[in-house]
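Counting starts at 1 for both ligands and their atoms, in listed order.
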Amino acid sequence: MLQKLPHLVAALCILLLPHLSPAAEGKPTLLVDSDNRPSISLDGDWHAVVDPYDNGYLDFRMQARPDGYFLNEKPGKSNKLVEYDFSKSAPLKVPGDWNSQRDSLFFYEGTVWYQKDFQYQRKPGTRTFFHVGAANYLAQVFVNGQKACEHEGGFTPFDCEVTSLVRDGDNFVVIHVNDQRKRDGIPTLNTDWWNYGGLTRDVSLIETPETFVEDYSLQLQKGSDAIIAGWVHVVGASAGMQVTVKIPELNLTQTAASDAQGRAAFSLKAAKLQRWSPRTPKLYDIEIISGKDHLKDSVGFRTIEVRGDDILLNGKSIFLRGISVHAEAPYRSGRAWSQQDAETLLGWARELGANFVRLAHYPHDERMTRLADRMGLLVWSEVPVYWMIEWENPATLANATNQLQEMIRRDRNKASVVLWSVANETPNTPARLAFLKSLIATAHSEDPSRPVTAALLVTTLPDTAEGIRTKVIDDPLGEYLDVLGCNEYIGWYEGQPELAARTRWTSKFNKPLIMSEFGGDAKFGLHGPPDQRWTEEYQENIYRRQIAMLKQIPFLRGLSPWILMDFRSPRRTLPEIQDFYNRKGLVSNEGQKKKAFFMLQEYYKSLAAQEN
Ligand code: GCB
């Protein structure tokens with residue numbers, strides 16, 4: 001009997017499972033639409049202990065400490081390490097990366113322990129979640145000395161259930177954040193952006209009723225201009241729980257019963273739906289009601305499809321006038337997170353005449369996709385599967401899959417997001433292909449409504465006798481993608497800008513192409529002839545020649561040149577020019593527009609005029 005006990009316990013757990021949230025298993029959940037839920041902000045100053053040897057977490061044998069961490073969160077009240085004292089440690093601002101807050105942390109990659117006291121009074125019948133908008137890269141959350149959850153991945157949110165850990169009155173939270181680059185991580189050791197560490201996005205406590213809407217999907221059905229279909233997932237619901245979806249402006253209300261997994265399916269017919277598009281970014285207020293939970297959101301409805309080499313928005317072919325954007329904060333540098341950061345970055349994109357942004361190379365703050373929804377900017381959203389990854393490592397694939405699922409889950413109800421990208425410039429090997437095929441399948445099954453893309457590299461054929469060179473899109477991954485992305489640097493990493501004039505493009509696939517990167521560095525204010533590198537004139541020359549070349553590609557359906565604004569990168573050391581900035585921005589990190597900005601703006605204006 002005793003031997004059978006574990007099986008009994010396991011069976012009991014399985015029986016109880018539908019009533020538990022994932023948080024109860026120690027794995028954080030992700031509350032969709034969390035920015036519209038009642039919350040208590042924990043942003044502001046946090047005590048921070050910089051722990052380069054991760055000594056609070058690892059003992060002298062480099063083993064994880066059994067009690068999770070060993071710092072003295074209440075001096076005098078515990079016998080933990082006397083060397084540490086949160087209360088005397090200088091604070092760091094949250095949200096915010098640590099690198100741009102303290103000179104001594106500029107190049108720092110390692111552990112910082114964050115600590116904050118907070119007052120709390122739990123209302124009866126509620127559950128409490130600890131929400132982290134993003135922590136780069138590994139995070140472990142401890143509430144009142146007890147571990148609540150851990151999370152891997154620096155760019156997606158997570159919510160730890162802390163209902164049983166919080167108490168009325170004084171509470172404290174400790175978060176162990178480590179941003180050491182890992183060979184088996186996503187991303188891996190080498191990237192062309194700054195590894196900004198810390199609690200880089202908002203932190204808050206979120207309260208929900210005991211039974212609550214954890215996730216939902218409502219989309220305009222493919223091929224339809226009136227049917228809004230989807231589902232709502234309620235945690236804590238038993239089969240037959242009533243779930244209601246309302247769209248008051250459309251006079252729509254529908255109630256459905258949840259199944260045994262807490263899922264209720266919906267199909268609503270809207271008689272006079274105004275579809276979301278860049279020109280008319282119409283958002284509808286929606287309400288989802290289940291038991292005591294009442295979730296509100298603003299959602300746009302549109303379809304996005306691929307037919308042959310066309311991208312169809314609401315059934316009509318669209319050309320994506322885009323620009324790539326890093327989550328670098330304008331004017332002050334560091335990781336972007338604020339509303340003002342989002343408004344500045346997307347404001348420049350709009351000024352450029354863009355209807356599309358590639359949010360590279362990882363999911364950006366949710367404020368960006370919220371704002372894109374309101375501004376009518378189409379979005380390419382991407383996971384940091386970048387350059388080299390441990391393609392054969394199942395744990396790395398599980399991690400990439402999880403980051404992809406979290407990205408999709410957070411933003412699947414944003415009309416602006418039209419493309420999920422699974423990778424950037426990855427090598428053409430069988431192991432890579434298997435890895436990315438799996439990610440593509442995940443994206444399609446999590447969200448059948450959106451096309452999947454990736455930024456590929458191409459093969460260049462030798463020059464013909466006439467001096468014509470051909471670039472062939474032949475990466476076998478192309479077969480599994482819906483939209484092809486392609487990065488090329490003619491005129492920067494490859495020859496002179498003029499080379500574009502004798503370059504032709506072909507593709508093995510009958511699919512739309514987005515030229516997802518091209519460009520070159522220019523230091524704002526540095527002038528010279530168009531063949532002098534680093535000058536604004538050289539960069540402008542690249543854009544001029546590129547635009548002429550791109551116009552000749554019949555299956556081109558968009559472009560997102562590299563990049564909107566100069567961004568910090570440890571790879572870019574050239575003194576007086578780069579000074580640790582990648583200078584391919586059309587706008588400097590101080591907000592000055594370079595000549596190429598105006599060249600691309602002119603092209604985009606002419607394209608927009610043709611649309612009329
Ligand atoms: C690329 C990468 C991008 C780099 C860029 C560059 O191909 O995708 O992350 O920043 O080139 O500037 O070299």
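Considering Y489, W492, W562 only, the shortest heavy-atom separation from atom 11 (O) of ligand 1 involves Y489.
Within ligand 1, counting atoms from 1 as listed, the ones closer than 4.0 Å to a heavy atom of H361 are 3 (C), 8 (O), 9 (O). Atoms of ligand 1 lying under 4.0 Å from at least one heavy atom of Y386, given by number and element, are 2 (C), 3 (C), 4 (C), 9 (O). Listed by atom number, the atoms of ligand 1 under 4.0 Å from R572 heavy atoms are 6 (C), 12 (O), 13 (O). Taking every non-hydrogen atom of K584 and a distance limit under 4.0 Å, the qualifying atoms of ligand 1 come out as 6 (C), 12 (O), 13 (O). Annotation for ligand 1: atoms under 4.0 Å from non-hydrogen atoms of N487 are 8 (O).
When only non-hydrogen protein atoms are considered, atom 2 (C) of ligand 1 lies nearest to E517 OE1, 3.2 Å. For atom 10 (O) of ligand 1, the nearest protein heavy atom (residue, atom name, distance) is D192 OD2, 2.5 Å. Of all protein heavy atoms, the one closest to atom 7 (O) of ligand 1 is E425 OE2, 2.2 Å.
Using a 3.5 Å distance cut-off with no hydrogens or angles, the side chains of Q403 and E152 do not pair a donor with an acceptor. Between the side chains of E382 and W380, at least one donor N or O sits under 3.5 Å from an acceptor N or O.
Each of R332, R201, R367 was evaluated against D341; a single residue qualifies, R332, per the salt bridge (charged side-chain N to carboxylate O under 4.0 Å, His left out) test. For the ring-ring contact (aromatic ring centres under 6.0 Å, His included) test with F155, the passing option among W337, Y196, Y362, Y386 is Y362; the others fail.
Ring-plane geometry between F518 and Y543 is classed as tilted, the angle between the planes lying from 30 to 60 degrees on a 0 to 90 degree scale. Between H151 and F158, the ring planes are parallel. Angles under 30° get that label, and only those over 60° would be called perpendicular. Using bins of under 30°, 30° to 60° and over 60° for the plane-to-plane angle, the ring pair W194/F107 lands in the tilted bin.
Residue contacts with ligand 1: F567 is included, with a non-hydrogen atom under 4.0 Å away.
The distance criterion of under 3.5 Å between nitrogen or oxygen atoms is met by Y493 with respect to ligand 1.
In this structure, I323 CD1 and Q601 CD are separated by 11.5 Å, a value rounded to the nearest 0.5 Å.
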Please walk me through it: do K511 and D309 pass salt bridge (Lys or Arg N to Asp or Glu O under 4.0 Å)?
-> CA-CA 4 Å; K511 297 188 180 185; D309 55 22; over 6 Å; no
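Proximity of N582 to ligand 1, defined as any heavy-atom pair under 4.0 Å, is confined to the side chain (atoms from C-beta onward). Residue D521 does not touch ligand 1, judged by heavy-atom distances below 4.0 Å.
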